[in-house]
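A short write-up of the structure that comes next.
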Amino acid sequence: MKIETVQAVYLDRTGTLTTTELVQRSGLSETEVRMLVECGAFAPDDPHAPVWLFAFECLTVARTAHRLREQYALEDTHALAVVLRLTQRIDELQRTLRRAR
């Protein structure tokens with residue numbers, strides 16, 4: 001019998017994370033985070049700042065990216081960004097549909 005452990009995290013909507021903290025908490029590498037930022041999957045508060053700070057909501061997106069990368073064995077970060085953006089769009093359309101009902 002296999003027991004799966006799940007970790008829950010309370011997201012403080014007012015907090016921020018550095019790139020290092022986002023990497024540590026998401027499972028992505030720093031290179032993947034930077035490439036996902038370049039692809040527009042999520043963005044730091046100020047992309048021109050010497051140290052990037054991310055809203056806590058970016059952790060959810062980064063963890064989703066990590067899960068998708070593992071689930072679909074996506075080696076290419078650009079492919080990961082496309083799948084992530086499509087997943088985000090599907091979620092957005094589903095929310096819109098639920099509100100319309």
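Both backbone and side-chain heavy atoms feed into the values below; hydrogens, waters and symmetry mates do not. All values derive from a computational prediction rather than experimental measurement.
Residues Q88 and V61 form a side-chain contact, since some pair of their non-hydrogen atoms from C-beta on lies under 4.5 Å apart. Looking at L84 and L68, their side chains come closer than 4.5 Å, going by heavy atoms from C-beta outward. With contacts defined as side-chain heavy-atom distances shorter than 4.5 Å, the pair S29/V23 does not qualify. Side-chain contact between L59 and E21 is absent, with no heavy atoms from C-beta onward closer than 4.5 Å.
Of all heavy-atom pairs spanning H78 and C39, the tightest one is ND1-SG, 3.3 Å. Residue R25 comes nearest to R63 through the heavy atom pair O-NE, 2.9 Å, listed as atom of the first residue, atom of the second, then distance. For M35 against T77, the heavy-atom pair with the smallest separation is CB-CG2, 3.5 Å. A pairwise comparison of heavy atoms in A55 and D45 identifies N-OD1, 3.7 Å as the closest pair. Between A65 and L36 the shortest heavy-atom distance is CB-CD1, 3.9 Å. Closest approach of F42 and C58 over heavy atoms only: CB-SG, 3.9 Å.
Within the model, atoms OG1 of T87 and CG of L80 stand 9.0 Å from one another, a figure rounded to the nearest 0.5 Å. Between L86 atom CG and D91 atom CG the span is 11.0 Å, to the nearest 0.5 Å.
For E75, the CD atom counts as loosely surrounded, since its 6.0 Å shell holds 12 or fewer non-hydrogen atoms of other residues, nucleotides or ligands.
Evaluation of the side-chain hydrogen bond (donor to acceptor under 3.5 Å, both in side chains) rule for R85 yields no partner, not counting sequence neighbours.
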For a quick test of your reading: what N or O donor-acceptor pairs under 3.5 Å do the side chains of residues 46-53 make, sequence neighbours left out?
from : atom 1 : to  : atom 2 : distance (Å)
D46  : OD1    : H48 : N      : 3.0
W52  : NE1    : P47 : O      : 2.9

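Between E30 and R34, at least one side-chain N (NZ, or NE/NH1/NH2) sits under 4.0 Å from a carboxylate O, which counts as a salt bridge.
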Stepwise salt bridge (Lys or Arg N to Asp or Glu O under 4.0 Å) check, E92 with R95:
CA-CA 5 Å; E92 180 182 317; R95 281 191 301 275; 5.2 Å; no
